[in-house]
Each structure stands twice: as structure tokens, then as C-alpha cells.
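Since the model is a prediction, treat every value here as computed from it, not as a measurement. Per chain, numbering begins at 1; letters A, B, ... match sequence-line order.
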Amino acid sequence: MSTVKKKYFYSHIVDTASITIELADMDMTPDERIHLIALAETNVHHAVLDTVLSELPEEDKKEFLIHLRDDNHEKIWELLKVKVKNAEGKIKKTAEEIIKELHKDIQEAKNKK
Amino acid sequence: MPQNSHYRHLKEKWTARHKDLQKNLIEKHADSLKWLSDNSKQIMVSALGGLLLLAVPGKPLLLHHTSVASGQELTASLDKSVFLVSDLQSILPGPGEPLSKDQETQTLDILRRHFNLKISTEENGIRLERNYGKIGAEQHLARYPGDSMSTHFDTETDSRFYWNSGMAPGLGAWGYFAHGPQMTAEDIAREKYYIAIQTFLAPGYNENTKKYSDFFRYKKMLVVNPDNGKALVADIGDAGPGTSTRKHLGGSPEVMHYLERVDGAQVGSVVYFFINDPDNKVPLGPINLVQ
């Protein structure tokens, strides 16, 4: 089974490949692996959205959501670069924290007898 | 750990986190999300939910711009769909896997709560081989002798949407739906919202063919796409698909369109249960979540 990996507006600064690699070594079917990768990406996505929305004032949130809805990454970054100080760093930090937690979960699963 | 326990462990953990993050997002940014709903009238509730909140594991986001809802309806539905989808995702197994007894019970509870219907996996001692499976696309069925693609659609819009699916060369499992073009609303709905079920795999089918066939004939079923919460009341109008297809049921073109399910490489799963409706009061077609 193959899937086309979705490109998010932050895909160039957030790398979830380490999760994919960890899961590749575990005993599960390809469908289950894909399921977990998507779940991991969903976790990261929601956390990133929360970080971004929390940084924006109400009016700008609306603009951001419209660009997100339209999948217009260029417009999203035009907005974030003006409205959020160090947007890239904040998104990266949020994503890294979640990815770290996901790795912890993987270790926990591996260590469980 | 035993085989696949890693998967189950991580699935449970990550689904729980997903729910928490989602809840947090909705609560913290409710006004903005509501505003987007109100101002996105060309986007289906499921698509909006999918875009922001319901990036469902292992399944592609669907962005079909095919229906129009008022902002208010959209917002109300969005909230409810979010919780239905979230509830189901935390219970259902991986794609293509059958439900365990526990998963079956929990899924039934959730759907009863959300749709207020009498549903079950078993009636009169009859049950299907499974209640969660991959749904493929079926063709239109001839409703009466002489029904063809040129007589099949009531409106231009329907014709435009559903013409390409074509008509099956054979009849449905129960023959024609009506004797002639003078059809009742029920005859029309039965073809429009039919599903093909692997009735022949039901435990005990071969020993009681007549009893089972009588039971399955146009039996109403609640069919739900767990990825977007879209649901409809369908009827069993045909038997199939064959086991070699690796699909577990089929949906008419209208059923597939409404549920936003597609055939081929991106075939997706649905849950489906018998509806107990002895007085024939539950109408066929799309069904909304309980308000």
C-alpha cells in the first residue's frame, strides 16, 4: 500500500521522518504503520495549528484560516512572517516537542513485555 | 509484546492525544472556527472538519465541494460530526479488520446516541459476517423492465452527477424494483440508496437460504463513513461484491457520492448495522445527527 504524503505549510521545517523510521522496525502490517504515521502527523498538525492561532489576533486568525482552507502556503507565510515574531521557530519548537513525546511512546511500546 | 500489540498500544495513545489536542483547539479558537464555518458555504462540513480537525489516520482528506449548507447548520453539524468521528476513530480497528465483540458494542452505542435509531448486528438470529468493511462502487440498477440510462434520472443535476456510473448489466438480487415506470417513492428510493451486501457470507445462510433472502430483501441499514460522520439509511438491494474483490460491500452511485467514498486505490471503510423498523417509518436516504 502506498500513500502520497500530504504537504503541510510547515513541512519544510518539520520533519516527521524519524517517526516513520522508528515504526519501520516494528512488528506491524503496512496498513497499521500508515495508520500510525497519519496519527502522528495529525498530532503534530493540531499542535502546530494551536500554536499559530494562539499567536494571532482575532482578525488575522480569520485570514490564516482562509489561507489554510485554500491550502495556500505562500499566503500563510506572508501573513505569519509579518504577524508572528519568529513564527518558524515557534512552529518548529511545538512540532519537536510533540515528536519527542511520540518517540517516548514508541520506546514505551517497545519496552512493554 | 505479542504481535501487533505495538500497533494497538500506539494507536490508543495517539488517538487519545489526538482527541485532547482537537478538543483544546476547538475550545480555544471556537470563534474563529465558527467564523470560518459561517463563511465557507461552499465547503462541506466534513471537508472543513477534515481540513482543520479531522486529519484521519491513514485516510486521505476529502475536499469535495458538492453541497451547500447554511453557516448555522454547518457550525452545528461541524461540532457534532467532530465528536462522532472522534468517538468512532478511537474505537474502530485498522482498515479492513473486522470489529471485535467489544468494538461492535461500543460502535453501536455511539451510533445509537448520535442517530437515535434502533440498530443492531443481529435480528431474528441473523447476522452478517461483518459490520465494518471496505465499500466499493456499484452501478445503477434497472428499476423496471425497460429502465435505461435515458429514463433513470429525474433531474438534469442527477443525470450530470451520476450518469458516468452506468447501469449494471444484470438485475439486483431481488429483481426489478417495480413493474413499470409508475413507481412509488419507495421504489425509487430503494434503488437510489441501495447497497450490495455479502449476504451469502452470513453465518447460516446456506442452511436457510429462503429465510435469509426474505430477511435481507430491502432490509434497511444504517451506513456511516467513520472518517467524516456522513450517514445514510440504505437498503440491501443486491448481493455482493465477490470475495475476490477484497471489498466487503458496495454502494450505489448516490450512496458513494453522499458518503464521499470512492473505489479503486483509495477505497475506504464504512460501518453498517441493521435498522429495526417494523413499521417502515425510517425514510431511506441521508440522515442527520440527532440535535
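Distance alone, capped at 3.5 Å, places no donor-acceptor pair between the B:Thr245 side chain and the B:Pro241 backbone.
Interface summary for chain B: among A:Ile106, A:Ile98, A:Thr29, A:Asp50, the most heavy-atom pairs under 4.5 angstrom belong to A:Asp50.
For chain A, no part of B:Asp20 is nearby; none of its heavy atoms comes within less than 4.5 Å. Of the atoms belonging to A:Leu23, it is side-chain heavy atoms, and not backbone ones, that fall under 4.5 Å from chain B.
B:Lys13 meets the side chain to side chain contact (heavy atoms under 4.5 Å, CB included) test with A:Asp105, A:Glu108, B:His9; sequence neighbours excluded. Applying the ring pair (Phe, Tyr, Trp, His ring centres under 6.0 Å) test to A:Phe64 and every residue at least two apart in sequence or in another chain returns A:Phe9. Scored by the salt bridge (charged side-chain N to carboxylate O under 4.0 Å, His left out) test, B:Asp109 finds B:Arg112 as partners (sequence neighbours excluded).
Taking a cutoff of 4.0 Å between a charged side-chain nitrogen and a carboxylate oxygen, A:Glu58 and A:Lys61 qualify as a salt bridge. Under 4.0 Å is where a charged nitrogen must lie from a carboxylate oxygen, and between A:Glu97 and A:Lys93 at least one such pair does.
Shortest non-hydrogen contact noted between B:Asn225 and B:Ser269 is OD1-O, 4.2 Å.
Close approach to chain B, defined as a heavy atom under 4.5 Å from one of its heavy atoms, is seen in no residue of residues 75-85 of chain A.
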